[in-house]
Amino acid sequence: MSPRPWPATLTQAEITLRPLRQTDARRWREIRRRNAPWLQPWEATLPPSGTADGEVLPTFGMMVRRMRREAREGRTLPWALCVDGALAGQVTVGGIAWGSLRSAYIGYWIDEAVAGRGIMPRAVAMAMDHCFDALRLHRIEINIRPENEASLRVVEKLGLRREGERTAYLHIDGDWRDHVTFVALAGEFPDGMRARLAARTTRR
């Protein structure tokens, strides 16, 4: 049976990763509405054909219920990203696979009002350390559109290894988009991702 260290709350300085809650709905919607131009180019969309009957993008309530169920099943870690106690984005570990694969991917978004302060690299490092240390995963990947400069800066600051390109990988902002894959493996950074980020930041 796979380990399931969830719910988990992680804190470092002003950053907290905690389980996403139904009570976050009002704040979540306000942030998403205010940040629509900032987030839309990187948002998942449904293709116009070839989808299951009745398939729609989930409401916030549907998303939280689905993520809770998947978290209980050990398939996702749905974190709310909070800065100084206030919801400011999400960090989600998804596609968790056990057995001989033991891998996952990480997705994230942040309120533009707090972007550019080094928050997201630290939050992703916290999530990765939890995945490697608590879940004992072997591989974590982050897939990014090559045009998404802000997200590319996150993996650059973390020093993740660029593995390759995936053609038409995800349906984003109305079309199938190419992505670049960045990877970290267990044991690659013995002191952990947070320590690696701190060391790289100090050297700059």
Task: Closest contact, heavy atoms only, Arg122 versus Gly118 - done: NE-O, 3.2 Å

Open item on the list: Just so I know, are the side chains of Lys157 and Leu197 near enough to count as touching, which here means a heavy-atom distance under 4.5 Å?
Closed with: yes

- [ ] Sort out for me which residue in Ile140, Val155, Ile106, Val154 forms a side chain to side chain contact (heavy atoms under 4.5 Å, CB included) with Phe182.
- [x] Val155

- [ ] Supply the atom-to-atom distance Arg102 CZ to Phe132 CZ, rounded to the nearest 0.5 angstrom.
- [x] 12.0 Å

TODO: Report yes if some heavy atom in the side chain of Trp98 is under 4.5 Å from a heavy atom in the side chain of Leu135; otherwise report no.
DONE: yes

Open item on the list: Measuring only between side-chain heavy atoms, which start at C-beta, is Arg161 closer than 4.5 Å to Glu188?
Closed with: yes

TODO: Flag yes if more than 12 heavy atoms outside Tyr105 fall under 6.0 Å of its OH atom; otherwise flag no.
DONE: no

Open item on the list: Can you tell me which residue among Arg33, Arg32, Arg27 is in a salt bridge (Lys or Arg N to Asp or Glu O under 4.0 Å) with Glu30?
Closed with: Arg27

TODO: Identify the heavy atoms of Ile110 and Ala115 that sit nearest to each other, and give their distance.
DONE: CG2-CB, 4.2 Å

Task: Side-chain donor or acceptor of Arg196 paired with backbone N/O of Phe189 under 3.5 Å - done: no

Open item on the list: Does atom CD (Gln12) have a neighbourhood of more than 12 heavy atoms from anything else shown, all under 6.0 Å?
Closed with: yes

- [ ] Step by step, work out the side-chain contact (heavy atoms from CB on, under 4.5 Å) result for Leu17 and Leu77.
- [x] CA-CA 10 Å; Leu17 297 178; Leu77 305 178; over 6 Å; no

Task: Main-chain N/O of Asp111 paired with Asn35 side-chain donor or acceptor, under 3.5 Å - done: no

Task: Main-chain N/O of Pro41 paired with Arg145 side-chain donor or acceptor, under 3.5 Å - done: yes

Open item on the list: Check for me, please, whether Met120 and Val114 land in the same ILVMFWY cluster - side-chain distances under 4.5 Å, paths through other members count.
Closed with: yes

- [ ] Output the distance between atom CD1 (Ile144) and atom CG (Asp178), rounded to the nearest 0.5 Å.
- [x] 14.0 Å

Task: Any donor-acceptor N/O pair, Thr45 side chain to Gly174 backbone, under 3.5 Å - done: yes

Open item on the list: Test of understanding: clusters of I, L, V, M, F, W, Y form through side-chain heavy atoms closer than 4.5 Å, transitively. Do Met128 and Leu152 belong to the same one?
Closed with: yes

Open item on the list: Measuring from atom CD1 of Ile142 to atom CD of Glu163, what distance do you get when rounded to the nearest 0.5 angstrom?
Closed with: 12.5 Å

Open item on the list: Quick check: do Arg66 and Thr76 have side-chain heavy atoms less than 4.5 Å from each other?
Closed with: no

Open item on the list: Can you confirm whether Arg162 sits close enough to Val180 that some side-chain heavy atom of one is under 4.5 Å from a side-chain heavy atom of the other?
Closed with: yes

Task: Pairwise distance CZ(Arg75) to CZ(Arg72) - rounded to 0.5 angstrom - done: 10.5 Å

Task: Backbone N/O of Val183 and side chain of Arg139: donor-acceptor pair under 3.5 Å - done: no

TODO: Please check if Ile31 and Trp38 belong to a single hydrophobic cluster, counting links between Ile, Leu, Val, Met, Phe, Trp and Tyr side chain heavy atoms closer than 4.5 Å.
DONE: yes

- [ ] Taking Arg18 for its side chain and Thr11 for its backbone only, find out whether a donor-acceptor pair lies under 3.5 Å.
- [x] no

- [ ] Enter the distance from His179:NE2 to Ser151:OG here, rounded to the nearest 0.5 Å.
- [x] 9.0 Å

Task: Heavy-atom side-chain contact between His171 and Pro48 under 4.5 Å - done: yes

Open item on the list: Does any part of the side chain of Glu14, heavy atoms only, come nearer than 4.5 Å to the side chain of Ile119, both counted from C-beta?
Closed with: yes

Side-chain donor-acceptor pairs of residues 78-96 under 3.5 Å, sequence neighbours excluded:
| unit_1 | atom_1 | unit_2 | atom_2 | d |
| --- | --- | --- | --- | --- |
| Trp79 | NE1 | Ala8 | O | 2.9 |
| Gln90 | OE1 | Trp28 | NE1 | 2.7 |
| Gln90 | OE1 | Trp109 | NE1 | 3.1 |

- [ ] Please confirm whether the backbone N or O of Met126 pairs with a side-chain atom of Asp129, one donor and one acceptor, at under 3.5 Å?
- [x] no

Open item on the list: Under the criterion side-chain contact (heavy atoms from CB on, under 4.5 Å), I'd like the reasoning laid out for Arg65 against Gln22: C-alpha separation, chi angles, the key distance, then a yes or no.
Closed with: CA-CA 8 Å; Arg65 286 192 294 273; Gln22 292 287 2; 3.5 Å; yes

Open item on the list: Are Leu170 and Arg177 packed together at the side-chain level, in the sense that at least one heavy-atom pair is separated by less than 4.5 angstrom?
Closed with: no

- [ ] Grab the two heavy atoms, one from Arg68 and one from Leu20, that are nearest each other, plus how far apart they are.
- [x] NE-O, 4.4 Å

Open item on the list: In this structure, would Tyr108 and Ile172 fall into the same cluster of hydrophobic residues linked by side-chain contacts under 4.5 Å?
Closed with: no

- [ ] Give, for atom CD of Glu141 and atom OG1 of Thr181, the distance between the pair rounded to the nearest 0.5 Å.
- [x] 5.5 Å

Task: Non-neighbouring partners of Arg26 that pass side chain to side chain contact (heavy atoms under 4.5 Å, CB included), sequence neighbours left out - done: none

